[in-house]
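Taking it in order: structure first as structure tokens, then the write-up.
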Amino acid sequence: MSVRVRYAPSPTGSPHVGNIRDALFKHYFAKHHRGVNILRIEDTDRTRYVPGVEEEIVESLNWLGIEFQEGYGIGGDLGPYRQSERKEQGIYAHWTQVLLDKGAAYKAFDTSEELAEMREFQQINKRPIGYFGGMWRDATPAQVETAEREGKPMVVRLRIPRNETIVIQDAIRGRIEWDSNTVDDPVLIKGDGMPTYHFAAMVDDHLMGITHIMRGEEWISSAPKHAVLFDAFGWERPVFVHCPVINGKDGKKLSKRHGDTRCLDYRSAGYLAQALKNFIVLIGWAPGGDRELMTDEEIVEAFDIPGLQPAPGVFDMEKLRWMNGTYIRQLSVPDLVSAVEAYVGHPETEAYWLRDVADDEGRKKNEATWGALALLRGGITSDREYADRAIALDQERVVTLADFGEATAFFFQEEPPMDEKAVAKWFAVPHAAGLFTELKAWLGGRSSVTVEECEAFLRAFGERLGLEKIGPVVHPTRVALTGKTVGPGLFELMSLLGPERMTRRLDRALAEIAP
RNA sequence: GGCCCGGUCGUCUAGUGGUUAGGAUGCCGCCCUUUCAAGGCGGAGGUCGCGGGUUCAAGUCCCGUCCGGGCUACCA
């Protein structure tokens, strides 16, 4: 039988890394088995519904190249793929009635106050907390009829069998069992007529032919309810695959301060989709052996249940940064420049760096980052070839796409800011003025210089000075030309800057030495 | 409180009874070198949560225990 899985987000907020990892596992699992991945929107909680999130979910998924063969926005024979629409079609009402007719579910008319009271009582008496029947599980038809006539609030609950052992077979953890007396009767249909996750997801999973219920391990506790539901219908249970979750550095669920960033913010921050995917898939899954850097094809080939880890993992930002850097370095120059061009040109990039942040220092840094990026964007429009070559020169020196702003800034600034300490150190060497003057003279009249010519000139100058190492010649020149002590190879950068720009910068340096 | 899941360097992990417990990241050092990176080489970092067993042999099997986490909603 062909594998069918589903990614079923609730549109209650922007997709974060945890959600995306879930989607990623299903994507690779389906591809590995040449099966089907379905996108289903679970919008049964109207109180938490956030408009516009569906679009962001789709955009996040598209950015990462997570594929679906069926579902919301794609289509398929088993739609609709949005649960609120399925509810409108009466799908859940129909299957609720089936359960009611079988006696596998029952109507309950407790008020929320009564429920709260019940829980309080259970807490005080140290009893298991939950709905284990109340007065409605075994109410007579007459009592139910009266309650309905009085218009009391009603929910439908699943009748969990008592005094039994409920066993599920988890594909990662093996056999898991519960005393059915510790499993309470879950609500299937809420007071507003909407189905709960427990009901809608399981009914849809069956109707959509889902073969593997892959989900986070936080669902293990509800698994017996779901198993009982499948059994009550007489449906074959899918394979349960409870995947480990991603935790923050504190070992707890991912939170804002621990890297649970909005998925698309990684794009805005300059991460490559492929790097993020490779990194995230490796949390909670390993291909065996020492493999880490993998192409998408290799991951598809290797991804399967045996590599899934039972223990949750921690999101390590530093390792993501390393991986992103190696992915940037692996890009061909044409691919690199188009990635950078797309990045600086994306409206969300600017919005990301310029958005409100609480601390002052952080905001200033972000503004500076965007300032440099905007400079690069301007450079690309005014002289694309020049900009592209500048980008290529910094490929080895960045971790994210955003780093290209700062790294290439001096190429576009008419008067790059000078690092004062560097000026103090390198403009003070005795040969500085002579070096700049000679270089200027050498440049005079030329329209361009090659890397080799620059190197030859500076080496010759060094030799005339009797220098063994070329450092004392290189460093002052670098500072004069870029204002900085770090950056791409000096000869390469000189060739790209060209005689005109260099001459102006040398004039400025000379003025600095002897005002 | 109850139920359930988990536990190998800080972190991600390899490991399926016999390995000096391996790799990656991060950290430190050296080399290369015009700087910073990148790259190469090396180092520190693990009593495999702990305690008992079983076995000639245990990270690997069994029992107990501790710690962490999840659920305990008419949220998902």
Side-chain angles (χ1 to χ4, degrees), chain A residues 8-10 12 42-45 47-48 108 110-112 115-116 119 122-131 153-157 170 172-173 176-179 181-184 186-198 200-201 215-224 242 244-245 247 249-253 279 282-293 307 309-323 325-326 329 394-399 407 422 455 458-459 462 469-475 477-479 482 484-491:
Chain A
S10 297
T12 55
E42 307 213 331
D43 56 346
T44 56
D45 185 358
T47 62
R48 294 206 305 161
D110 312 85
T111 64
S112 51
L115 256 18
R119 277 192 285 273
Q122 290 167 333
Q123 206 144 28
I124 291 167
N125 293 284
K126 298 195 191 304
R127 303 281 296 266
I129 294 161
Y131 197 90
M154 183 201 76
V155 300
V156 176
R157 287 182 184 267
D170 182 86
I172 298 175
R173 297 149 219 277
I176 307 176
E177 58 173 58
W178 289 263
D179 174 346
N181 294 339
T182 66
V183 180
D184 75 339
V187 170
L188 264 22
I189 302 294
K190 297 181 261 190
D192 64 357
M194 291 296 273
T196 59
Y197 169 87
H198 298 307
R215 51 172 26 167
E217 62 180 319
E218 72 269 22
W219 288 104
I220 293 177
S221 332
S222 345
H242 289 104
V245 296
N247 285 333
K249 276 194 167 58
D250 55 0
K252 297 195 175 135
K253 261 185 160 177
F279 172 71
L282 253 18
I283 304 175
W285 174 77
D290 293 333
R291 293 204 287 165
E292 271 199 333
L293 257 8
Q309 194 83 5
V314 173
F315 190 93
D316 180 2
M317 198 63 185
E318 285 307 314
K319 189 151 184 180
L320 201 217
R321 287 173 56 77
W322 162 75
M323 197 170 271
T326 80
R329 268 168 257 127
D394 270 303
Q395 182 168 20
E396 288 186 345
R397 268 162 282 270
V398 301
V399 164
E455 177 163 7
L458 290 179
R459 286 200 187 283
K469 296 254 180 185
I470 198 161
V473 176
V474 164
H475 299 313
T477 312
R478 174 184 296 282
V479 175
T482 72
K484 305 194 294 180
T485 57
V486 301
L490 179 65
F491 314 131

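All values below come from the heavy atoms of this structure, side chains included, with hydrogens, waters and symmetry mates left out. By convention in this document, chain letters (A, B, ...) are assigned in the order of the sequence lines, proteins followed by strands, and residues within each chain are numbered from 1. Worth saying up front: this structure is predicted, and the values here are computed from it rather than measured.
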Discussion item. If I take atom CD1 from residue A:Ile283 and atom CD from residue A:Gln309, how far apart are they, to the nearest 0.5 angstrom?
Written reply: 11.5 Å
Name the nucleic acid region contacted by [X], choosing base, sugar-phosphate or nothing; use a 4.0 angstrom heavy-atom cut-off, strictly under.
| X | value |
| --- | --- |
| A:Gln395 | nothing |
| A:Arg478 | base |
| A:Glu292 | base |
| A:Ser10 | sugar-phosphate |
| A:Gly289 | sugar-phosphate |
| A:Gly216 | nothing |
| A:Arg329 | sugar-phosphate |
| A:Glu455 | nothing |
| A:Pro224 | nothing |
| A:Phe491 | base |

With both distances under 3.5 angstrom, what nucleotide forms a Watson-Crick or G-U wobble pair with [N]?
| N | result |
| --- | --- |
| B:G1 | B:U72 |
| B:U25 | B:G10 |
| B:A38 | none |
| B:C48 | none |
| B:C61 | B:G53 |

Worksheet item: Of all the choices, B:U25, B:G7, B:C36, which nucleotide is nearest to the side chain of A:Glu318 once you look at every atom?
Response: B:U25
Fill in: Nearest-neighbour nucleotide for the A:Trp178 side chain, B:C4, B:G6, B:C36 considered
B:C4
Fill in: Under 3.5 Å donor-acceptor pair, A:Arg48 side-chain atoms to B:C75 base atoms
yes
Worksheet item: Which residue lies toward the 5' end of RNA chain B, A:His198 or A:Pro244, if each is placed at its nearest nucleotide?
Response: A:Pro244
Short side-chain N/O contact to [N] OP1/OP2 from [X], under 4.0 Å:
| X | N | value |
| --- | --- | --- |
| A:Arg459 | B:U34 | yes |
| A:Thr44 | B:A76 | yes |
| A:Trp322 | B:U25 | yes |
| A:Gln309 | B:G6 | no |

Practice prompt. Report yes or no: does A:Asn125 contribute a side-chain atom to a donor-acceptor pair with the main-chain N or O of A:Arg127 at less than 3.5 Å?
Written response: no
Worksheet item: Backbone N or O of A:Pro310 within a donor-acceptor pair of the A:Arg173 side chain at under 3.5 Å?
Response: yes
Worksheet item: B:C48 and B:G1: how far apart are their P atoms, nearest whole angstrom?
Response: 29 Å
Worksheet item: Where along nucleotides 67-74 of chain B does protein come under 4.0 Å, by heavy atom, of base (B) or sugar-phosphate alone (S), with - for untouched nucleotides?
Response: --SBSSSB
Worksheet item: Between atom CG in A:Asp45 and atom P in B:A76, what is the gap in whole Å?
Response: 5 Å
